[in-house]
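Just below is one structure, and these are the notes that go with it.
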Amino acid sequence: MDKIEAINRVKEYALSVYPNYPVEDLTAARFSAGWTVFPRNDATTFSALKPGQALFLIGDAGDIMETSGSVPPRKRAAEFSRRYGAAS
């Protein structure tokens, strides 16, 4: 799955769960099994995330997991792999 597809799938999912989720300017960062998709702030890095901000991991096979910007990136990726497998 490429970055654009990941963002579009998360956009659809997020709006179905959170109608007011800021989907206008999402960005994505690659991790081993997929993409972390989050709203772009002033920067496009995880350091720009607000504590507690909802973000989404989407695997290459399409599995989506909601998590928080408060959770460290390695921990998020490990939890995703535990739930969905490394080749999600």
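Smallest separation of non-hydrogen atoms from Met65 and Phe80: CB-CD1, 3.8 Å. The shortest non-hydrogen separation linking Pro22 to Pro39 is CG-CG, 3.8 Å.
Counting only residues at least two apart or on different chains, the salt bridge (Lys or Arg N to Asp or Glu O under 4.0 Å) pairs with a member in residues 4-23 are Glu5-Arg9.
Residues passing the side chain to side chain contact (heavy atoms under 4.5 Å, CB included) test with Val71 are Thr67, Ser68, Lys75, Arg76, sequence neighbours excluded. Here Arg82 pairs with Glu79 under the side chain to side chain donor-acceptor pair (under 3.5 Å) rule; sequence neighbours left out. Contacts of Ala14 classified as side chain to side chain contact (heavy atoms under 4.5 Å, CB included), with partners at least two apart in sequence or in another chain: Tyr21, Val23, Phe56.
Distance CG/Leu55 to OG1/Thr27: 12.0 Å, rounded to 0.5 Å. Note that CG of Asp63 is 11.0 Å distant from CG of Leu57, once rounded to the nearest 0.5 Å. To the nearest 0.5 Å, atom CG of residue Asp60 and atom OH of residue Tyr84 are 14.0 Å apart.
Partner of Tyr13 under the side-chain contact (heavy atoms from CB on, under 4.5 Å) criterion, chosen from Ile64, Ile58, Asn8: Ile64.
Contact annotation: the side chain of Val37 never approaches that of Lys3 to less than 4.5 Å [non-hydrogen atoms, C-beta and beyond].
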